[in-house]
Amino acid sequence: MSPVSTHSLARTRWLLGPAAVLLFLVGRAPEAQAQSSSPAATVDMTNTLSFAPDTVRVQAGETVRWTNGSVIVHTVTADPEEATTDESVRLPEGTAPFDSGTLDPEERFEHTFEVPGTYRYFCIPHEGAKMYGTVIVTPAE
Amino acid sequence: MTIPLSRFLSSSRPFGQRLLRRGASVLAALALVLMVWAPSAQAQEKMSEKEKQMLAQLQEMNQADGYLEAHRDVQQPMELLGGPLSFTIRQTSGGVFVSLPDNRTLDPDVFGAPDQPLAFTGTPGITGVPVPMRGVSDGQFTQFERMSPFGDKNTTMANGNLMLQATDRTATDAATTEDEVTLKASWEDQDGNTYAIRCCELLVSAGPEFPTFGGVVTNHILHGFTGIGTPLMPTEYTYAAFWGMGAVLKNGEVVDKPRIVHGMLTEYVRGENYKLVSDSEVTPTRRHFHLMVAPFMPVKGEHKFQPKDVATGFELPNGMELPFWHVMFENLEIESQRGE
Ligand SMILES: [Cu+2]
């Protein structure tokens with residue numbers, strides 16, 4: 001191992017230290033939550049081109065899981081750049097867009113909502129069929 | 001690939017004399033009872049002389065006849081402006097939407113009103129909808145009173161696969177074509193049966209009742225008010241479409257052949273709950289691909305169609321066989337290029 005890489009390794013270790021402490025304090029990192037088996041809300045994506053239920057409520061910091069329970073390919077998309085009409089997406093100010101990409105039958109997608117507000121999302125191939133959903137995020141109690 | 005359907009259907013006798021063109025009010029006054037989507041032989045035997053006469057009159061009144069007459073014998077058709085356009089349309093995962101028989105809501109922009117009807121000439125269901133087959137309420141048309149492949153009812157089937165490679169070279173309808181189409185499409189029902197369409201052993205280089213542009217058309221407008229294809233579909237911008245003779249398969253076996261196969265990549269014409277929209281409701285910013293095997297066959301030697309159910313092998317909940325395929329693919333990869 002060269003001196004440079006040893007130095008890099010040391011730096012990494014130093015950076016991991018506080019992160020590990022933070023993880024311990026918070027309990028779960030967003031990554032850990034994304035793998036969690038108990039999301040705060042679950043939404044099914046159907047053969048009849050709907051998100052079911054079409055509206056879910058979660059608290060800030062909680063995760064929603066979407067499952068494609070249909071035989072059709074869908075997406076979960078809250079990105080204005082992917083939308084072709086204004087009504088397809090609504091994001092609280094200051095939040096980053098998100099997009100599941102193509103979800104084949106039985107595939108899942110999870111997203112953790114940090115900022116309270118109302119999120120409107122859509123399915124890219126079925127935007128014309130008004131396949132829309134809403135997530136209402138309330139402040140954490 | 002270059003054998004034109006017009007030759008396949010050609011007749012030695014010249015195109016028959018046109019019947020007197022009568023007004024729509026006369027048509028509306030006559031009760032025409034055609035089992036458009038029922039098995040052809042049975043339905044046509046049941047028709048009275050008056051009904052047969054009416055059908056013949058509507059077919060003779062078809063508005064594209066003059067245009068087609070000028071084009072169908074052209075031996076050296078012109079090329080597309082700007083040269084050939086080739087494209088590939090693929091779906092490699094996800095399912096499909098399969099239309100089920102339904103009554104189509106009639107759009108006044110396409111069908112007019114009872115006192116001023118539009119789009120009633122030609123073979124019923126192919127290029128026109130006879131006025132007596134239209135429901136009326138409050139002085140407006142309501143719906144097509146026959147079941148057709150063009151409505152809101154549908155089901156989904158898994159594992160949709162689509163591979164279409166095509167070239168649009170020939171511009172107009174003609175006796176020959178340089179257009180090319182290779183299509184393989186398949187999907188599966190809940191019991192694991194596979195249904196497939198293969199096309200095209202030959203292209204419809206000239207349409208019997210409406211233009212087919214050599215078999216492949218690109219960047220055009222079809223259906224609805226255009227008179228190109230059934231008005232029961234909304235008027236839709238069409239990036240690419242083809243008409244050819246192909247085969248219908250179930251579990252790898254050919255179950256119906258030859259059949260006219262029509263495919264098209266269009267703007268999105270479905271709304272909430274997959275409702276087939278009217279002209280003012282299409283979504284120009286999204287696209288989908290439609291594959292159609294209609295319950296019709298061209299009449300040999302004549303420029304018209306007659307009903308003939310497709311042997312799809314797919315059983316409907318009522319025990320009847322689905323008499324057509326109208327299948328939509330919406331998870332598409334699309335490529336295209338100009339030039340050879
Ligand atoms: Cu969808």
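Lettering of chains follows the sequences in order, A, B, ..., and the numbering in each one begins at 1.
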Is it the backbone or the side chain of [X] that comes under 4.5 Å from a heavy atom of chain B, or both, or neither?
{"X": "A:L103", "value": "neither"}
{"X": "A:L49", "value": "side chain"}
{"X": "A:N47", "value": "both"}

Take atom [atom1] in [X]; do more than 12 heavy atoms of anything else shown fall under 6.0 Å from it?
{"X": "B:E333", "atom1": "CD", "answer": "yes"}
{"X": "B:K275", "atom1": "NZ", "answer": "yes"}
{"X": "B:R198", "atom1": "CZ", "answer": "yes"}

B:T285 portion near chain A, given a 4.5 angstrom heavy-atom threshold |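 For B:T285, heavy atoms of backbone and side chain both lie under 4.5 Å from chain A.
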Identify which part of B:V96 has an atom lying under 4.5 Å from any heavy atom of chain A, answering side chain, backbone, both or neither.
->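 When you check distances to chain A, only backbone atoms of B:V96 fall under 4.5 Å.
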When rounded to the nearest 0.5 angstrom, what is the spacing between [atom1] in [X] and [atom2] in [Y]?
{"X": "A:H126", "Y": "B:F97", "atom1": "NE2", "atom2": "CZ", "value": "4.0 Å"}
{"X": "B:N331", "Y": "A:D104", "atom1": "CG", "atom2": "CG", "value": "7.0 Å"}
{"X": "B:R270", "Y": "A:K130", "atom1": "CZ", "atom2": "NZ", "value": "15.0 Å"}

Minimal non-hydrogen separation, B:G94 against A:P105, with atom names =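 It is CA-CD, 4.3 Å.
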Side-chain ion pair, A:E127 and B:R286, N-O less than 4.0 Å |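 Salt bridge flag = yes for B:R286 with A:E127.
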Show your working on side chain to side chain contact (heavy atoms under 4.5 Å, CB included) between A:S70 and B:T156 and close with a plain yes or no.
-> CA-CA 9 Å; A:S70 79; B:T156 48; over 6 Å; no
